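Structure, as structure tokens:
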Protein chains: 2
Amino acid sequence: MDKRVTIQDVARHAGVSITTVSRFLNERYDSMSEATRGRIEAVIRDLGYRPNALAQGLKGNRTKIVAAVVVNMSYPFCVGFMRSLNQTLSPAGYHLFVSETAGNPDRERAVVQSLQAQRVDAMVLQTGGQNNDLLAAIATQMPVIFVDRKYSVPGVTNVITNNREASEQLTAHILEQGYRRVLYVTEEEDGVHTRKERLQGYLQACHKRSIKPWVITVDRDQKDTFDVVVNAVEDGAKKEPIAVYTGNGLLMMRLYPALVQLGYQVPNQLGLATFDQPDWSGLVQPSLTCVGQPVDTMGALTGEMLLQRLGKPDETVSFEVKTIASNLVFGGSTRLHG
Amino acid sequence: MDKRVTIQDVARHAGVSITTVSRFLNERYDSMSEATRGRIEAVIRDLGYRPNALAQGLKGNRTKIVAAVVVNMSYPFCVGFMRSLNQTLSPAGYHLFVSETAGNPDRERAVVQSLQAQRVDAMVLQTGGQNNDLLAAIATQMPVIFVDRKYSVPGVTNVITNNREASEQLTAHILEQGYRRVLYVTEEEDGVHTRKERLQGYLQACHKRSIKPWVITVDRDQKDTFDVVVNAVEDGAKKEPIAVYTGNGLLMMRLYPALVQLGYQVPNQLGLATFDQPDWSGLVQPSLTCVGQPVDTMGALTGEMLLQRLGKPDETVSFEVKTIASNLVFGGSTRLHG
DNA sequence: CTGAAAGCGCTAACAA
DNA sequence: TTGTTAGCGCTTTCAG
């Protein structure tokens with residue numbers, strides 16, 4: 001492994017002090033002669049010198065690193081969000097750390113502490129809410145933003161989508177099409193804000209129309225819990241058109257083949273809809289009614305807020321919630337005629 | 001923003017020197033008394049002290065950061081790979097940087113140089129091959145691994161899949177089913193190793209069976225180039241069963257709705273297959289024949305190789321290629337009977 | 001216009 | 001068993 005070029009080397013080759021080189025690096029060109037500037041420039045190019053970000057960070061107390069902590073980076077929400085976040089941060093010279101928690105509070109805590117040790121400049125988390133004490137403390141040291149899931153923590157800003165309203169609108173849409181009942185499929189709430197909100201939206205829509213709610217909770221790790229749904233649909237759709245609405249795209253992905261297998265006609269006997277907008281929603285026939293989350297906007301907004309706060313480090317944010325509306329996509333899978 | 005706790009603070013509160021605290025941090029417990037150890041432990045816990053990774057890195061010349069540079073992190077290949085990579089690196093205390101190049105050589109160069117300045121401990125790249133000079137230089141300073149795309153650069157290891165063989169096998173499979181011709185849809189080669197290899201596999205399979213190759217090149221940024229494919233299929237499938245085989249999953253995703261729209265029966269009049277295994281391949285009817293890339297294995301292998309090399313920094317690797325076999329999935333979309 | 005020197009938080013000889 | 005000291009590569013007063 002080669003030795004790396006340092007500011008010392010540059011200074012020596014250019015015949016100046018390291019101070020002057022440092023000035024050059026920080027673009028204080030007016031406090032040096034043309035000749036000096038040119039010489040340093042040339043030496044840096046020749047030597048392929050790049051200032052050591054560690055040393056700069058240690059001195060300046062910043063790293064130009066922003067950390068994103070998500071449950072699972074393969075979830076479409078996370079991928080899209082991180083991309084968009086990265087695209088707004090990257091031009092400003094920030095690097096993106098990505099870590100996964102798998103929804104495990106202990107892992108989350110360990111990850112966060114490790115990021116703290118790395119002296120990241122800011123954190124963005126899709127948290128489970130079990131480490132809010134720790135995160136509140138961290139929020140006094142750097143900008144912290146929660147995305148997707150909302151928790152009231154002092155100093156932490158939330159960037160979320162209108163889960164409840166969108167869910168209510170989607171449910172309302174389905175019912176207005178004439179489906180007699182809507183089966184809502186969700187996962188154990190477990191303190192996850194989105195699950196609660198989406199369920200409540202569904203319940204509210206049912207309530208307003210005096211429709212009896214019908215909810216089944218599944219566990220993605222237990223295949224047989226999905227069978228319960230399939231059996232329920234098989235019975236329920238016999239006598240009248242019903243619809244199945246899943247609380248997230250992964251559930252629909254798991255459920256879809258089995259539901260289609262039942263042989264009911266979609267959308268005339270069986271309506272289908274899901275929260276999230278899976279990339280395949282337009283590929284199946286008929287296309288799937290769904291709720292597209294504004295991940296790009298959320299990522300961009302998060303990035304912009306961070307850049308702003310990183311620009312003026314001494315501003316404290318007490319508590320703020322940014323809600324961005326989801327986008328309902330009415331596909332053929334809920335187009336009931338008759 | 002609060003002041004952060006330093007090793008100084010811990011030393012003062014514990015009534016010892018910072019050296020002793022440092023020893024504690026590095027688990028050299030045998031060179032201190034039980035009492036001291038206990039006291040330091042308590043102080044660290046009380047103060048919520050975490051050692052500054054920047055300072056440690058500056059001293060030790062390592063950052064515990066591995067950088068992944070990909071074309072687009074939303075590509076299924078990248079997501080899966082990065083997850084798997086992260087899962088093997090994370091337990092060893094490594095953090096993952098993620099950057100995108102959008103396939104732009106200049107951006108790639110800028111990103112790589114910036115990562116170099118950040119003093120990452122290793123780089124994993126899905127490169128376009130235009131910065132191999134720079135990367136060769138970097139490979140003398142740290143482990144560098146190319147994934148997905150192969151380039152011969154001294155000191156750089158390649159982790160790839162058997163694109164050519166898999167492509168040939170897939171094409172052979174389709175032809176053996178009895179489709180008279182296979183239309184191969186690809187993108188401009190542009191020096192991208194995978195595109196070349198997959199095409200060659202296709203050509204070879206055709207050649208062996210004396211079938212005239214039929215290739216159309218599309219551009220994902222130009223919608224009308226896809227129309228060319230659709231028109232060709234419309235004509236071609238009139239008289240005899242043909243198949244369409246796309247060089248990657250994104251192409252099939254774009255093409256699929258339009259092809260289905262044509263009204264030909266899949267698989268009897270029109271066969272469909274793609275490289276990559278899109279998450280929706282099992283959701284459409286009939287299920288899509290495809291080539292699953294071993295992204296998990298590739299990520300894990302890459303991570304393990306890195307950990308090994310990071311463990312013993314002075315070993316030089318001349319040039320190595322690890323090829324991992326893809327997994328062919330024969331779905332209903334190419335099941336031609338008759 | 002330029003440089004010397006202190007120090008960011010930590011590690012590792014070298015002493016005691 | 002513990003402490004003193006010299007840096008790692010950089011930025012920033014403060015003095016010329």
Side-chain angles (χ1 to χ4, degrees), chain A residues 1-41 43-44 47-64 93 116-121 141 313, chain B residues 1-41 43-44 47-64 93 116-121 141 313:
Chain A
M1 306 279 155
D2 293 10
K3 191 89 194 78
R4 265 139 149 164
V5 185
T6 76
I7 198 172
Q8 292 275 6
D9 303 323
V10 177
R12 188 155 18 82
H13 284 253
V16 295
S17 76
I18 60 169
T19 311
T20 306
V21 179
S22 174
R23 287 206 184 91
F24 176 91
L25 294 177
N26 294 284
E27 299 177 34
R28 277 194 284 284
Y29 302 132
D30 45 345
S31 45
M32 76 189 66
S33 71
E34 277 291 314
T36 307
R37 173 176 171 178
R39 221 159 350 113
I40 295 178
E41 194 159 14
V43 171
I44 286 181
L47 265 48
Y49 168 72
R50 317 236 90 211
N52 183 330
L54 255 60
Q56 291 181 310
L58 180 57
K59 194 88 248 273
N61 215 34
R62 48 141 205 72
T63 50
K64 292 252 166 191
Q116 206 181 359
Q118 286 283 344
R119 295 301 190 266
V120 298
D121 286 347
Q141 300 173 6
Chain B
M1 304 279 157
D2 293 10
K3 192 89 195 74
R4 265 139 148 166
V5 185
T6 77
I7 199 172
Q8 293 275 8
D9 302 324
V10 177
R12 190 154 18 82
H13 283 255
V16 295
S17 76
I18 58 169
T19 311
T20 307
V21 179
S22 174
R23 289 205 183 92
F24 176 90
L25 294 177
N26 294 283
E27 301 178 32
R28 277 196 281 285
Y29 302 132
D30 45 344
S31 47
M32 76 189 64
S33 70
E34 277 290 314
T36 306
R37 175 179 170 177
R39 220 161 348 115
I40 295 177
E41 194 159 14
V43 171
I44 286 181
L47 266 49
Y49 167 73
R50 316 237 92 213
N52 183 330
L54 256 61
Q56 291 181 311
L58 180 57
K59 190 91 248 274
N61 214 35
R62 48 140 204 74
T63 49
K64 292 254 166 188
Q116 208 181 357
Q118 286 283 344
R119 296 299 189 267
V120 298
D121 286 346
Q141 300 173 8

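Being a predicted model, the structure only gives us computed values, none of them experimental. The analysis underlying the following values was restricted to heavy atoms, covering all of them including side chains, and did not include hydrogens, waters or symmetry mates.
- One interatomic measurement links the two molecules: NZ of B/Lys59 to P of D/dC10, which rounds to 15 Å at whole-angstrom precision.
- Within the model, atoms CD of A/Gln141 and CD of A/Gln116 stand 5.0 Å from one another, a figure rounded to the nearest 0.5 Å.
- In the region residues 47-58 of chain B, proximity to DNA chain C at under 4.0 angstrom, judged on heavy atoms, holds for B/Tyr49, B/Pro51, B/Asn52, B/Ala55, B/Gln56.
- Closest heavy-atom contact between B/Ala14 and B/Ile40: CB-CG1, 4.2 Å.
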Side-chain donor-acceptor pairs of residues 30-37 of chain B under 3.5 Å, sequence neighbours excluded:
{"from": "B/Ser31", "atom 1": "OG", "to": "B/Arg28", "atom 2": "O", "distance (Å)": "3.0"}
{"from": "B/Ser33", "atom 1": "OG", "to": "B/Thr36", "atom 2": "N", "distance (Å)": "3.1"}
{"from": "B/Ser33", "atom 1": "OG", "to": "B/Thr36", "atom 2": "OG1", "distance (Å)": "2.7"}

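- Heavy-atom minimum distance, A/Val10 versus A/Ile44: CG1-CG1, 3.8 Å.
- In the region residues 25-33 of chain B, proximity to DNA chain D at under 4.0 angstrom, judged on heavy atoms, holds for B/Asp30, B/Ser31, B/Met32, B/Ser33.
- Contact between the side-chain N/O atoms of A/Thr6 and the OP1/OP2 oxygens of D/dG9 is not found at any separation under 4.0 Å.
- End-to-end axis angle for the helix from C/dC1-D/dG16 to C/dA16-D/dT1, using five pairs per end and rounding to 10°, comes out at 40°.
- Taking all atoms of both residues into account, the shortest heavy-atom contact from A/Thr63 to A/Val120 is OG1-CA, 3.6 Å.
- Sorted by first and then second residue, the side-chain hydrogen bond (donor to acceptor under 3.5 Å, both in side chains) pairs with a member in residues 7-18 of chain B read B/Asp9-B/Arg12, B/Ser17-B/Thr20; sequence neighbours excluded.
- Applying the salt bridge (charged side-chain N to carboxylate O under 4.0 Å, His left out) criterion to B/Asp121, with sequence neighbours excluded, gives no partner residue.
- With rounding to whole Å, A/Asn61 atom CG is found 12 Å from D/dT12 atom P.
- Going from atom CG of B/Leu58 over to atom CZ of B/Arg119 covers 9.5 Å, rounded to the nearest 0.5 Å.
- Applying a 4.0 Å cut-off to non-hydrogen atoms, the residues of residues 9-20 of chain A that approach DNA chain D are A/Ile18, A/Thr19, listed by residue number.
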Hey, can you pull the donor-acceptor pairs under 3.5 Å for the side chains in residues 49-57 of chain A, sequence neighbours left out?
{"from": "A/Arg50", "atom 1": "NH1", "to": "B/Gln113", "atom 2": "O", "distance (Å)": "3.4"}
{"from": "A/Asn52", "atom 1": "OD1", "to": "A/Leu54", "atom 2": "N", "distance (Å)": "2.7"}
{"from": "A/Asn52", "atom 1": "OD1", "to": "A/Ala55", "atom 2": "N", "distance (Å)": "3.3"}

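- Of the two residues contacting DNA chain D, namely A/Gln8 and A/Arg23, the nearest-nucleotide position lying further toward the 5' end is that of A/Gln8.
- On the nucleic acid side, DNA chain C contacts chain A at distances under 4.0 Å to non-hydrogen atoms, with the end points of that region at C/dC1 to C/dG9.
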